[in-house]
Amino acid sequence: MSLNELASRLNNIAPFHVMELAKKAALLEKQGRHIIHMGIGEPDFTAPPAVVEAATRAMADGKMQYTSATGLPQLRQAISGHYRSVYGLDIAPERIVVTAGASAALLLACAALVEKGAQVLMPDPSYPCNRHFVAAFEGQAKLIASGPEHRFQLSAQMVREHWNEATRGVLLASPSNPTGTSILPEELRAIVAEVRARRGFTIVDEIYQGLSYEGTPFSALSLGEDVVVINSFSKYFNMTGWRLGWLVLPPALVPQIEKLAQNLFICASSIAQHAGVACFSPESIAIYEERKAEFKRRRDYIVPALESLGFKVPVVPDGAFYVYADCSALSDDADQLTIDMLNEAGVVLVPGLDFGPFTARRYIRLSYATSMENLQEAVARLRTFFANRKVA
């Protein structure tokens, strides 16, 4: 097959630069260099003992067959109970569809809601795969420049100003990758009202919602049954490679998503689902909350440390495990700066290039999902790196 015979939609899918930097770092490690990774957004914690034991027990008991496309009933019930205990929300288990990670959840949501030529509003910066999910179904992601004055998020005013006859909905993330910032509850309420008035759809990615460090826990599900919410076991629950997530849907959308899931995925991993039930035990939740406190401790260290190096952090992240830092006082090219920091200091950070053109050259993303010792060593290396640049 020649490249000319490939589907034209591939032209709308850009490579993921964070993974390219990871490849370069791996080559340096093969040469014997010690590299500190603060690029990929993956917790350095893994599943707690009770979760691993539940997976082992499921395998020993032969519970490895297909499940329903919507997921194990006991897992859907456990997720429903989690919304009740944490957010005070009564979410019927029947509205919950278990998926093969949040990526599959977003794929299913876009398959159901995005038509060819449909425009979906999202902020710039935002997670690059979100716009690629829209592009995969021949929709158009309309990135709206969203600076620090808006917490790098969409506002209701932006929705009003940018909605046109082709617009069908919005895709938001709160807290966000790459910024770690949340949409304030009243602003999110206003956004949902604007979209609802235009008979559009609202998809909210809440995969970092469990890692919110300020204020009362808040979910977009409190704003009405018509809001589609994505969540995952990867971040708060530390199960990245298990590929397990979920959707919360309007009741009328459940059978449509179930039909798609049956055809596209059959079901999420049955072993991961049995393990997922154990995530909600008091024993596991206690561990997750300890780890959440550790992430906050790291945030409280790294933000002022970055500022002492010459970066600017215009919005202190209130969730996730990222800092989105302005590097314009240090370099006029964030992409080249991250390459130099990798080659000369052995520290992996990510340029804004992946997350949209608005902040591409001025911002870098740092993931503090690594040990405090690594963070401190990285800061020491970068201090030397910038000192040498000044001397040169």
Side-chain angles (χ1 to χ4, degrees), residues 9 12 70 83 87 89-92 94-97 99 102 104-124 126-127 129-146 150-151 153-174 176 182-207 209 218-231 246-261 264 356:
R9 70 176 61 89
N12 298 320
T70 55
Y83 279 113
Y87 302 98
L89 297 173
D90 186 14
I91 305 298
E94 294 77 18
R95 292 179 57 200
I96 298 167
V97 174
T99 60
L106 282 159
L107 186 72
L108 289 165
C110 289
L113 296 170
V114 177
E115 293 187 290
K116 183 176 181 179
Q119 188 181 90
V120 181
L121 307 183
M122 58 185 73
D124 178 356
S126 61
Y127 182 55
C129 296
N130 287 356
R131 64 181 183 266
H132 296 153
F133 286 125
V134 172
F137 293 98
E138 301 183 87
Q140 178 193 1
K142 183 174 182 179
L143 297 178
I144 300 172
S146 305
H150 297 291
R151 301 178 55 78
Q153 297 279 6
L154 289 192
S155 67
Q157 180 179 347
M158 291 175 189
V159 172
R160 285 194 298 273
E161 291 176 350
H162 291 274
W163 197 284
N164 60 48
E165 64 277 3
T167 310
R168 294 294 177 269
V170 299
L171 201 172
L172 313 170
S174 183
S176 161
S182 299
I183 306 173
L184 298 178
E186 284 310 306
E187 189 65 47
L188 185 55
R189 187 183 305 278
I191 291 171
V192 170
E194 292 289 342
V195 175
R196 188 178 287 142
R198 291 159 175 77
R199 301 179 65 81
F201 62 79
T202 301
I203 302 173
V204 184
D205 176 348
E206 292 189 345
I207 69 172
Q209 186 56 237
F218 176 83
S219 170
L221 292 170
S222 66
L223 303 178
E225 285 193 349
D226 55 339
V227 178
V228 174
V229 162
I230 312 288
N231 215 315
W246 74 85
L247 278 161
V248 182
L249 300 164
L253 193 52
V254 173
Q256 306 305 322
I257 292 289
E258 180 178 12
K259 176 175 65 176
L260 286 167
L264 296 178

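Everything quoted here is computed from the prediction, not taken from an experiment. Positions are given from 1, in the same order as the sequence printed here.
Looking only at side-chain heavy atoms (C-beta outward), Leu188 and Leu172 come within less than 4.5 Å of each other. Between Leu184 and Phe218 there is no side-chain heavy-atom pair separated by less than 4.5 Å. Considering only heavy atoms from C-beta on, Met122 comes within 4.5 Å of Val134 through its side chain. No side-chain heavy atom of Thr167 sits less than 4.5 Å from a side-chain heavy atom of Lys142. Residues Ser219 and Leu89 form a side-chain contact, since some pair of their non-hydrogen atoms from C-beta on lies under 4.5 Å apart. Two residues are said to be in side-chain contact when any heavy atoms from C-beta on lie closer than 4.5 Å; Trp163 and Leu121 meet this criterion. Using a 4.5 Å cut-off on side-chain heavy atoms (C-beta onward), Gln140 and Val120 make no contact.
No donor-acceptor distance shorter than 3.5 angstrom exists from the side chain of Arg151 to the backbone of Ile183, with no hydrogens or angles considered. Side-chain N or O atoms of Glu187 include one that pairs as donor or acceptor with a backbone N or O of Ala156 at under 3.5 Å. Judged purely by atom type and a 3.5 angstrom limit, Ser176 has no side-chain atom pairing as donor or acceptor with the backbone of Ala173. Using modelled atom types, one side-chain atom of Glu206 and one backbone atom of Ala220 make a donor-acceptor pair closer than 3.5 Å. Side chain of Ser155 to main chain of Met158: a donor-acceptor pair is present (N/O by atom type, distance under 3.5 Å, no hydrogens or angles).
Taken from CZ in Arg131 to CG in Asp124, the straight-line distance is 7.5 Å, to the nearest 0.5 Å. Rounding to the nearest 0.5 angstrom, the gap separating the CZ atom in Arg9 from the NE2 atom in His132 is 14.0 Å. With rounding to the nearest 0.5 angstrom, the CD1 atom of Ile257 is 12.0 Å from the OG1 atom of Thr70. Taken to the nearest 0.5 Å, the SG atom of Cys110 stands 11.5 Å off from the CG atom of Leu260. Here the CZ-CG distance, from Arg199 to Asp226, works out to 11.0 Å after rounding to the nearest 0.5 Å.
Atom CD of Glu161 is surrounded by more than 12 heavy atoms from other residues, nucleotides or ligands within 6.0 Å.
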| Stepwise, does the side chain to side chain donor-acceptor pair (under 3.5 Å) test hold for Gln153 with Ser174? | CA-CA 9 Å; Gln153 297 279 6; Ser174 183; 4.9 Å; no

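When all heavy atoms of Pro123 and Ser146 are compared, the pair lying nearest together is CB-OG, 3.5 Å. When every heavy atom of Leu108 is checked against every heavy atom of Ala261, the shortest pair comes out as CD2-N, 3.7 Å. Nearest heavy-atom pair, Ala104 versus Thr99, reported as atom, atom and distance to 0.1 Å: CB-CB, 4.1 Å.
Every side chain to side chain donor-acceptor pair (under 3.5 Å) that Glu194 has, sequence neighbours left out, goes to Arg160, Arg198. Taking Asp90 as the reference, Arg84 meet the side-chain contact (heavy atoms from CB on, under 4.5 Å) condition, with sequence neighbours excluded. Residues forming a side-chain contact (heavy atoms from CB on, under 4.5 Å) with Leu107 (at least two apart in sequence, or on another chain): Phe133, Phe137, Phe265.
Checked options Val228, Leu154, Ile203; the residue passing with Leu171 is Ile203 (criterion: side-chain contact (heavy atoms from CB on, under 4.5 Å)). Paired with Arg95 under the rule side-chain contact (heavy atoms from CB on, under 4.5 Å), one option of Leu221, Leu247, Leu253 passes, and it is Leu221.
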